[in-house]
Amino acid sequence: MDDSGWGSGPHPPVDGGTERSPAVAPPDSVQGCPQPYEGVWRFTAAAVDASVPQARHAVRDLLARQGVPAADEVVQGLLVIVSELVTNVVRHAALLSPMLAVEVAVGSEWVRVSVEDNHPYRPTALEADYGQTGGRGLLLVREITREAGGVCDVEHTASGGKVIWAALPLKPDLV
């Protein structure tokens, strides 16, 4: 997996256009000063089965290395989301998108993961038959994101592919 971490400085747009941002803009850094763990990192990998655990481990290791103060349940949710989204690229988009990209963006109070491929099809969360194994990945992503108080979406890229992303608060709201 290629790790082209950009650190906390400015970074180039991912899709050749403008930088993407969640539908709900994350809050600014505390008192305008970026936290030491803030930044954007991008990993690329082949759309093959071995990339699923590699992407999950890369995200986990990045969050730990940067000292991101995410609650354990947030990290575990992010890892499931990354696994599901990379698996979807491997299973459904690899023919048209032999490479995929995983991006991790960390703000002072949020973390966002996204998976990009070059397949033009915009997936939808389907209700799968209970006797069927698989087919519930996007439902799982949506539910994990909702329970954490985050947002997720699918966007088209300028190159005709898509990016699926989920942004979660570092500390879940305790109700």
Check Y37 against Q66 and note the closest heavy-atom contact, atom names and distance.
CB-O, 3.2 Å
CD (E109) and NZ (K171) are apart, to the nearest 0.5 Å, by 10.5 Å
dist E103:CD -> R112:CZ (nearest 0.5 Å) comes out at 6.5 Å
Would you kindly confirm whether L96 and V86 end up in one hydrophobic cluster when ILVMFWY residues are joined by side chain heavy atoms under 4.5 Å apart?
no
Any idea which heavy atoms bring V52 and S83 closest together, and the distance?
CG1-O, 3.8 Å
Rounded to the nearest 0.5 angstrom, the CD-CG distance for E84 and L139 is 10.0 Å
For the student: nearest non-hydrogen atoms of S108 and Q35, plus distance
CB-CG, 3.8 Å
Is M99 reachable from V48 through a run of hydrophobic residues whose side-chain heavy atoms are each under 4.5 Å from the next?
no
Could you measure the distance from the OG atom of S159 to the CG atom of D117? Nearest 0.5 Å is fine.
9.0 Å
Any donor-acceptor N/O pair, T145 side chain to V141 backbone, under 3.5 Å:
yes
Pairwise distance CG(D153) to CD1(I164) - rounded to 0.5 angstrom
9.5 Å
Looking only at heavy atoms, the pair that brings R42 and A101 closest together is NH2-CB, 3.1 Å
I'd like to check R60 versus R56 (side-chain heavy atoms, cut-off strictly below 4.5 Å). Are they in contact?
no
How far apart are the closest heavy atoms of A105 and V40, and which atoms are they?
CB-CG2, 3.9 Å
Quick check: closest heavy atoms across L170 and P69, and the distance to 0.1 Å?
CB-O, 4.0 Å
Close side-chain approach of L100 and N118, heavy atoms under 4.5 Å
no
L63 and V106, any side-chain heavy atoms less than 4.5 Å apart
yes
Could you walk me through whether L85 and L138 pass side chain to side chain contact (heavy atoms under 4.5 Å, CB included), step by step?
CA-CA 8 Å; L85 295 181; L138 289 178; 3.8 Å; yes
What's the spacing between I144 CD1 and L78 CG if we round to 0.5 Å?
9.0 Å
Side chain proximity check, V151 to W165, heavy atoms < 4.5 angstrom:
yes
Is there side-chain contact between P120 and H156, with heavy atoms separated by less than 4.5 Å?
no
